[in-house]
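From a predicted model like this one, the values you see are computed outputs, not experimental measurements. Letters A, B, ... mirror the listed sequences (proteins, then strands); counts begin at 1. No hydrogens, no waters, no symmetry mates; every other heavy atom, side chains included, goes into these values.
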Protein chains: 2
Amino acid sequence: MPKSRARGRPREFDPDRALDAAIEIFSERGYHGTSITDLADATDLTTGSLYKAFTDKRGILLAAFDRYRSVRSAKLETALAQGANGREKIKAALAFHAGAAHGVSGRRGCLVVSMANELAAHDPVIAERVAKAHAANEAIMRELVIAGQADGSVSTSLDPVAAGLLLLFLLQGLRVVGKTSRPEAQMLAAAELASRILD
Amino acid sequence: MPKSRARGRPREFDPDRALDAAIEIFSERGYHGTSITDLADATDLTTGSLYKAFTDKRGILLAAFDRYRSVRSAKLETALAQGANGREKIKAALAFHAGAAHGVSGRRGCLVVSMANELAAHDPVIAERVAKAHAANEAIMRELVIAGQADGSVSTSLDPVAAGLLLLFLLQGLRVVGKTSRPEAQMLAAAELASRILD
DNA sequence: TGAATTCGGAAATGATCATTTCCTATATGA
DNA sequence: TCATATAGGAAATGATCATTTCCGAATTCA
């Protein structure tokens, strides 16, 4: 049977579109630097509609954070699929993040980094989501190291746990430095140099 | 001749002490997350005294930023002096930052990272100071690579420019991940693994 | 068709914010 | 000693903030 429609007047806007705008603005200005009016302007919605859909400002952030994560994860997955072996996949991940850490998207910044810095110390829920995001990326890198060791593209003398965390540091640091723009080639060259730890 | 005292009523508080409190609170809560009342409470001063000494909220931040940089730089210098050669100095720098990226100071965070994320995109003056701070740390790391190549502790196949930037990514990333606490040993082991790029 | 429900939207609310003002206190310099 | 200048401190100011309220519109269910 087809799922029955919701009860009252149907929502006229796409919440995901609104969250995409929220992601941009929260990433660039931070949580406290963004007002509901800013969000209403960016989404072309009234504050009432935002409150009805997301409860409050923090609700908008939480939803935006989750969407940011899922969108970025999907894009990373396709980038990783390009790599033929563990080492190549690690280089693809580094290139993926370096690609986001320059120009417009570089200056906009990463929402995970932004929330880690601004809110993690005082908001346990945000802290947990940030920690989960970090743990997920760390795990991806660690598994790529292990896969590379299995396929012979990564040295077996490398500790996968420490290497996974090291690569996480790198990914996050790229986005911090990227806030004050650098040429793409420079970011990429430095990031890919990290593959030397795999020798 | 002894420098003559200033004209009016002498200031009763030590501005550097006030800035130390401002550094802590700005690092932890961010600029927009910190109110003048918060600063007045933390410094045991009235808002009037803060405004007389630092002009406005942004002036407090700017002064705090400069003080943070000079205090941290001095501590890094002494940490580096421990290293016998280029490689050891690089490991000392990594250990120095890893040491700040866990526990209480880890959760407090780095003011440079915080300002890069929150304000660099919209405040050109802050952006320039952040860029200068990054460039300074990058230069230190680059020069250590070059010194290591001269003393034989670092491979000459390494590009010092790219390596300097890579190490900067690492230092900043450490502070981001450190916001959601990790055990010191874990941070240190991962950070020091970066010395593999020097082989 | 009509009761129930949710949405869109504008205006109102009360809190908090950065900053200023005003007054008193304490110093210098002539 | 008195004019000048700056600090300390409390209270006032006006703007902005997040959130709520209220009302007309659009939809479902019986």
Side-chain angles (χ1 to χ4, degrees), chain A residues 1-19 21-23 25-26 28-65 114-115 118-119 122-123 125-126, chain B residues 1-19 21-23 25-26 28-65 114-115 118-119 122-123 125-126:
Chain A
M1 58 181 179
K3 182 180 74 176
S4 73
R5 300 270 296 271
R7 207 37 155 48
R9 175 173 170 178
R11 181 167 289 139
E12 291 175 6
F13 67 93
D14 177 2
D16 280 344
R17 276 214 170 289
L19 290 179
I23 287 168
I25 199 164
F26 276 138
E28 198 167 303
R29 310 186 196 175
Y31 180 73
H32 292 297
T34 301
S35 71
I36 300 287
T37 308
D38 292 336
L39 290 166
D41 289 349
T43 56
D44 262 313
L45 298 172
T46 60
T47 68
S49 294
L50 286 170
Y51 273 82
K52 284 214 170 77
F54 304 109
T55 311
D56 58 14
K57 186 183 174 186
R58 187 163 167 275
I60 303 174
L61 176 71
L62 256 15
F65 187 94
S114 188
M115 294 307 102
E118 191 179 2
L119 300 177
H122 279 86
D123 186 325
V125 173
I126 300 276
Chain B
M1 59 179 179
K3 182 179 72 177
S4 73
R5 301 269 295 272
R7 208 33 155 49
R9 175 173 170 177
R11 181 166 290 135
E12 290 175 6
F13 68 92
D14 176 2
D16 279 344
R17 275 214 170 288
L19 290 179
I23 287 167
I25 198 163
F26 275 137
E28 198 167 304
R29 307 186 199 178
Y31 180 72
H32 293 296
T34 301
S35 71
I36 299 288
T37 307
D38 291 336
L39 290 166
D41 289 349
T43 56
D44 262 313
L45 298 171
T46 60
T47 68
S49 295
L50 286 170
Y51 273 83
K52 285 217 169 72
F54 303 108
T55 311
D56 58 14
K57 187 185 174 185
R58 188 163 167 275
I60 303 174
L61 175 72
L62 257 15
F65 187 94
S114 187
M115 294 306 103
E118 192 180 0
L119 300 177
H122 280 86
D123 186 325
V125 173
I126 300 277

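For the residue pair B:G30 and B:S114, the shortest heavy atom distance occurs at CA-OG, 4.1 Å.
Residues from residues 32-41 of chain B placing a heavy atom under 4.0 Å of any atom in DNA chain C, listed by number, are B:T34, B:S35, B:I36.
Looking at residues two or more places apart in sequence or on another chain, you find a side-chain contact (heavy atoms from CB on, under 4.5 Å) between B:A18 and B:F13, B:T43, B:L45. Every residue meeting the side-chain contact (heavy atoms from CB on, under 4.5 Å) condition with B:T46, not counting sequence neighbours, appears here in chain and number order: B:S49. With sequence neighbours excluded, no residue forms a side-chain hydrogen bond (donor to acceptor under 3.5 Å, both in side chains) with B:R11. For B:R17, there are no side-chain hydrogen bond (donor to acceptor under 3.5 Å, both in side chains) partners two or more places apart in sequence or in a different chain. Taking the side-chain contact (heavy atoms from CB on, under 4.5 Å) definition, one finds that A:S35 meets it with A:T37, A:D38, sequence neighbours left out. Residues satisfying the side-chain contact (heavy atoms from CB on, under 4.5 Å) criterion with B:R58, sequence neighbours excluded, are B:Y31, B:D56, B:L62, B:D123, B:V125. The salt bridge (charged side-chain N to carboxylate O under 4.0 Å, His left out) test applied to B:D16 returns B:R67, not counting sequence neighbours.
A distance of 10.5 Å separates OG1 in A:T47 from CG in A:D41, rounded to the nearest 0.5 Å.
As a whole-Å value, the separation of A:R7 CZ from D:dA25 C1' is 16 Å. Taking atom CG of residue B:L50 and atom P of nucleotide C:dT20, one finds them 14 Å apart after rounding to whole Å. Note: OH (B:Y51) to P (C:dC22) measures 17 Å, nearest angstrom. The distance from atom CD1 of A:I60 to atom P of D:dT19 is 8 Å, rounded to the nearest whole Å.
In this structure a side-chain-to-backbone donor-acceptor pair under 3.5 Å is present from A:E118 to A:H32.
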>> Within the 4.0 Å limit for protein heavy atoms, which parts of nucleotides 8-15 of chain C are touched? Write it as a string from 5' to 3', B for base, S for sugar-phosphate only, - for none.
In response: BB------
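Taking five base pairs at each end of the helix from C:dT1-D:dA30 to C:dA30-D:dT1 and finding the rotation axis that steps the C1' atoms of four pairs onto the next four gives two axes whose angle is 10°, to the nearest 10°.
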